[in-house]
Each structure stands twice: as C-alpha cells, then as structure tokens.
Engineer: 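Structure incoming, see below.
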Protein chains: 2
Amino acid sequence: MARVRISDVAAAAGVSVTTVSLVLNDVESRISAETRERVRAAAAAVGYAPSSVARGLRQQRTNTVGLISDQIATTPFAGRMLAGAQDVARENGKLVFLVDTSGDRVVEDAAIRALAAQQVDAMIYAAMWHRVVPVPESLPADAVFLDCRPEGGGRRSVVPDDHAGGVAAVRELVAAGHERIAYVDAVPGPGRPIAADLRLAGYREVLADAGIAADPLWHVHGEMSARGGRDAADQLLALDDARRPTALFCFNDRMAAGAYLAVRARGLRIPHDISIIGYDDQQLIAAEQDPPLTTVALPHYEMGRWAMEVALGIRVGETDATHQMECPVIRRDSVGPPPAHVGKQNRRRASQHTERSRDATPER
Amino acid sequence: MARVRISDVAAAAGVSVTTVSLVLNDVESRISAETRERVRAAAAAVGYAPSSVARGLRQQRTNTVGLISDQIATTPFAGRMLAGAQDVARENGKLVFLVDTSGDRVVEDAAIRALAAQQVDAMIYAAMWHRVVPVPESLPADAVFLDCRPEGGGRRSVVPDDHAGGVAAVRELVAAGHERIAYVDAVPGPGRPIAADLRLAGYREVLADAGIAADPLWHVHGEMSARGGRDAADQLLALDDARRPTALFCFNDRMAAGAYLAVRARGLRIPHDISIIGYDDQQLIAAEQDPPLTTVALPHYEMGRWAMEVALGIRVGETDATHQMECPVIRRDSVGPPPAHVGKQNRRRASQHTERSRDATPER
DNA sequence: CTGAAAGCGCTAACAA
DNA sequence: TTGTTAGCGCTTTCAG
C-alpha cells in the first residue's frame, strides 16, 4: 500500500496542497471554516500522515534529538535518566535517537556524525556515572552533558550534587544522635569516582561542624561491591568497644549491602546496634534489604529531564555551568539512635544537630 | 555556519553533483580513479557530510528503526535487550529511535504513528517481561515482538524459553543428587507471569522424569520480592525433617535472595544444608549474594539481537512463529549435593540424571 | 480566502 | 567517463 501524500488529500478535498498544508498545520490564516472542515475530513478519510522526512528537509528541523551514551542501556538505574529525557522529549513532540557506544571512542565519533547527518535538533551526551569526560571533537558546541562534566568545562551539564548528598547523609546520622560515624569509602587511585571524594568532603564537613573529632580509623576503603563493603565494614566492627563506630555511611548501596553481612556475621542488629546509610537508592538492593536500607537517592530521572529541557531550549537562562542536582535522603529502617550505653553524655549536642538537619537543602 | 551541500563539493572539485554522489556512495561506476580522488579530497576539505534527511526523502528509506517499549528504559536487565538490538543496528549502519511509552496505550499509539511518519525502515515492539501483549492497531504488520507474544499470534516474536529454563534448573538440582526439590513460585491469579507456569511445567516434568514423586507441600507461593521469597521459603523450612526439601528452585532471583534470608534465619548454610537456584541472573542480586547464587539467565542481549536481525531482514527464513531462546544455567556456589544424611540410597539414580543434564539443550 | 510554484539536498534515469 | 535534470513530499513566499 503506497504512501498517501498531501496531494492525495488535496485532490480528495478539491483544494490545493497549500490549503491542506495550511489547515493541517494550524497556520493562522484566513482559510474558511468550511474549507478547513472539508480538508480535515478528507485527510482522515484517506488516512493521511505527513512525512516528517519531507518536512524535515524543507524546514531544516527534524524534531528529533540524539542521545549518546557510553552504557546508558546496560546500567540499572541510568535507565531512569533515559526515562526523564524521554518524557520531556515526548511532551514536546520530539523523538529521541539513542546510541549506546559501549565506551568505544570510534563508535562514539561515528555515532555523533550519524546523528548530525540526521539533522537532530539537539544532542545530549550522557555517562552512566558521575565523572569527567573528554569532549568528543565532533560534538556540537550546544550539546548538553548528562551525569558527567566536560573536561575543561564551558558546556552545559548536569550532575548529582554528591557533596551535598554526603552532607545530608551524615547529618541524618548526627541527627539520630550518632557521634562515632564511619565512612566506608571506595578505594583510592585511578578509577575512583569523583563522587567518592565529594561525599568524603561532605562527611568531614559535617563531623567538623558538629564538633566531632573523626577517628582516622573510621575511614576505611573497599572495592565497590558487596564483598568490598563487607570486608571494609568488618574492619570497623573489629575495633575495640571504645572506638567502634555506631553508624556507617557507605559509599554506595552495594557496599552497604555488604556491611549488612558483616554486621550480621557478628550477631549485631540493624539499626539497634549499628545504623547504616547508603547511597544511590538502587531499588533492587536498598529496598530489599532486611531491614530496608536508608540511603541517598541519585536524581537520575530529574537529571534526564533537566538535560532534555535545556537541550530543547525549554529551560532557558542556564549558564554554561555545571548544574548540581539535589540528592534526597530516602528514609527507610536502617538508621536509628545509637545503643543506649554509648555517647549518652552528648545527647544534648546531638539534638542541636537534629534541628539543623531539618533546614532546607544544604547550601552550596 | 551553514550546512555544506553536495553542490559545494562538486564546485570545489570541479565536477558535477552526480559525480560526487557516485564516488561518495561507492557506486560501481566508471569514474576515473583520478576524479575519484579529487572528489574525496574536496569533500574532506570542505567538511561535507551528506544529509540523511534529503537522502531519506529521495530513497524512501531512512536507515532508522523504531523501538517501542512499555518500560524498557526503567527496568534493570531489559537494558540488555536494548544493547543487543542497538549493537546489531549499529553494525548495519542503522540508528534506533527509542520510545518508552510507560505502558500508556495512547502514548503508544502516538509513538507508533510518529515513528511511521519518520519512515523508519522497521519497528520492534518490546515488553519488559515475557508476556502476551495486545497488538496495537497502528503497528505495521512486519513489526517484530521482543520479549512478548502478540495476542493471536501470527507475528514474528522472540521470547525466553522459560519451559526449557525450568527444566534446566531442576535438572541441575537433580544432577547434584537432590530428590526433595521445592518450587518457590509466584502467586496465582491475574498478574501472574506466564513464565511462572512454564517454569512450573518444567519443574514437574523433570521430577516425573526422574521418578520423584513431588510432595504437594513443596510447591509454595509468594510475592515476587525478597520478602515474598523469604516467607514462602520459610514454610518449606518449617516442614518436619522427613519432608523438608534439600533444594529450592525459586521463580526469580529476588525471591531466591529472600530464601537466603529464611535459610540463614534458621541457622542453616547454603549450599551445605540446602541448595538454591534462582532465575533471571540479575547481576546486582545473584552475583552479590553470599554465596553467589546459581541461577538461570534470561538471554536479553541475544533476544535483542535476534529481534533486530529479523527486523532488518538480516536473519531470514524466520517463520511467523514465536522464537524461543535458550536460558542457560549460570553456575555459581549455591548448589551442592544434599546433606549426607538424606537420600543417600538414591545416589545412583541421581547420577544418571547427571549424565542427562549434560545433553545439549533440552528438546521440546 | 486560495493557488502556483520554488526549493530543501539528494539520487538516479537518461543524455552526451 | 561525466553532466543534466527530474523528482522524493512538504512548506512557504508571492500572486491572484
């Protein structure tokens, strides 16, 4: 069955193609209501659907946007970014081209060129975790960076505010009355996420702020997996009673899940004996723990929306700077007050911090 | 900076646009090697990139394919399907339009029409879990269904072979020497995945085949979550010694993770006291358990590839039937022989099944 | 209020 | 071996 063209509609309605185009595109014009009606009826009757290809050629806009990513399709929560971007696109009548480069620079370059050849109206360059990315040479200057920062800056980008997230997490613990708070960190060295340093800074800031002298032994490292978290947490639990932390801030939920194992192995209970807070809010991990894990959520969906909104020019006035998006604390059941026999003398000071943690978003 | 057109290249090379088109598209033709070289140089010099929009209009093929899905972007492992489809597309110089409808029929219909207007060369309709889907009216007849079966059949589709997967899982257990094997199933009623019934059938088949009379109490149900799995498994563990199963086949990995909890709560060890096998191979769950969970993998990546290959006509000769794709057993550490004090007398028979389980894909 | 016609950038008959 | 030219289906001046 051959494609039905605008001329078919024109013929059916007994008017010119101009008229059809005018009414179907709602161009403010002086087409009589009667003709308008006739054209619409004819279009419906013959089952007309305009060719966006022809329209794209004529108007030089295709109503499509390209989304290039290293692995957006294969990482669990990054799909949320896609969904956010996708929703905004749809709300605005755009279709999105998705290209997953699996991190291959050659593929990436080819993809960007292919997208440019398609005359996409905008491009978004996404990473699956917060990091600094080299800017592909062929990438248009107005592309927006999603969940990554362009090397050298000077481009619009959106990333999670991991510093504020670290602050929020530790404040949550302080507010519950904890003073001996440990940070179960990722391993130093290359491959270390910048988020790890940002969250660490937040951790230190809150402790200093609360007048708590952090014991260096409370800062432990492990691989970013359940096993790594378990081993790192175990070091903490092995400390003698006077130094053993009552609360753990884990770099991510996988490590937190490992910490659960270490805690359980020693016959301790969460949150009765020890409180744990994670990061990422990975549904399959955090919500399924026993007890469910309190954590800090990565705002993937919102970042996806933001990126698409600025890419389409819906959200204006954004400077060429990096936008930091808030990471909210998701309260579940893994944080409680410290055991009665420790730190009682500081309860008063702790409650001041409770007040504080109720403030609005931490500044910065 | 204005777009550079083919005529610009022609001018720069001192030839006609035809010549440029011919050499740049490698059309077997009698263009002299010298001219060819000159054209290529000119194209590179002016930075020419052909407009796929114009080409699409002219050739009536756009080298794009549309992928409609209910929630492909937001479910963890379904991203693998996208990756598979994506890879095949890229290998063939196609770009894929992704549309996530969040299950909204109106959005879905609009998306299909938009894709048709874009003149995509093919369409794939994907679901995020194996089920029967109503066929959208506007969907082209040659669209291929991914991870779902079209209501009424008669379309090309690919789904996991959940029956064979169930068989493989239970054979794995039988091969290890188990006879008291339970199935931790999803709850009956609406919303029950068809995979649950298929796997159940596989379970029954293998037991019957092995001459094991299944105790009806070994078939328990629970919500498809860790909590549901824990509660269901606990019913099994509460059975008296003579009937308590030594191995659990869980409908999915989440439920298996719950079973771990139940086992641990009773002070039992995996796989020493009880063996567990899951389904799905959700990385974040299965690989991170302690011990790592043996499970059956859903071949998402392969299904994605298959769908794209038939959509593009690369894989030919596929009938209008449903293609079932093998689900391989992923061996980790949660399956071992049953405790020494049970079922010893049957060791011999069990070993026959070991032989059997080494066969190629189970027939059906 | 409506229509004729040009042209978006490209490919492919057909000519030369 | 290369060039001319007619569209692909649509939007949009410009005339009527």
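Chain A is the first sequence line, chain B the second, and so forth, proteins listed ahead of strands; every chain is numbered from 1. These numbers come from a predicted model, not from an experiment.
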Engineer: Does the A/S138 side chain pair with the main chain of A/R113, one donor and one acceptor, at a distance under 3.5 Å?
Structural biologist: no
Engineer: Establish, with yes or no, whether the OP1 or OP2 oxygen of D/dG3 is under 4.0 angstrom from a side-chain nitrogen or oxygen of B/T19.
Structural biologist: yes
Engineer: One thing to verify: whether A/E37 and A/R40 come together as a salt bridge, which I'm taking to mean a side-chain N less than 4.0 angstrom from a carboxylate O.
Structural biologist: no
Engineer: Of A/D147, A/D70, A/D162, which meets salt bridge (Lys or Arg N to Asp or Glu O under 4.0 Å) against A/R131?
Structural biologist: A/D70
Engineer: Reckon A/T35 has a side-chain N or O less than 4.0 Å from the OP1 or OP2 of C/dT2?
Structural biologist: yes
Engineer: Can a donor-acceptor pair be found, under 3.5 Å and without considering hydrogens, that links the side chain of B/R90 to the backbone of A/D100?
Structural biologist: yes
Engineer: Atom CG of A/D26 to atom P of D/dT12: distance rounded to whole Å?
Structural biologist: 13 Å
Engineer: Please report the interatomic distance OG(A/S51) to CG(B/L57), rounded to the nearest 0.5 Å.
Structural biologist: 6.0 Å
Engineer: Does the protein touch nucleotides 6-14 of chain C at the base, only the backbone, or not at all? Give it as B, S and - per nucleotide, heavy atoms under 4.0 Å.
Structural biologist: BBBBBBBB-
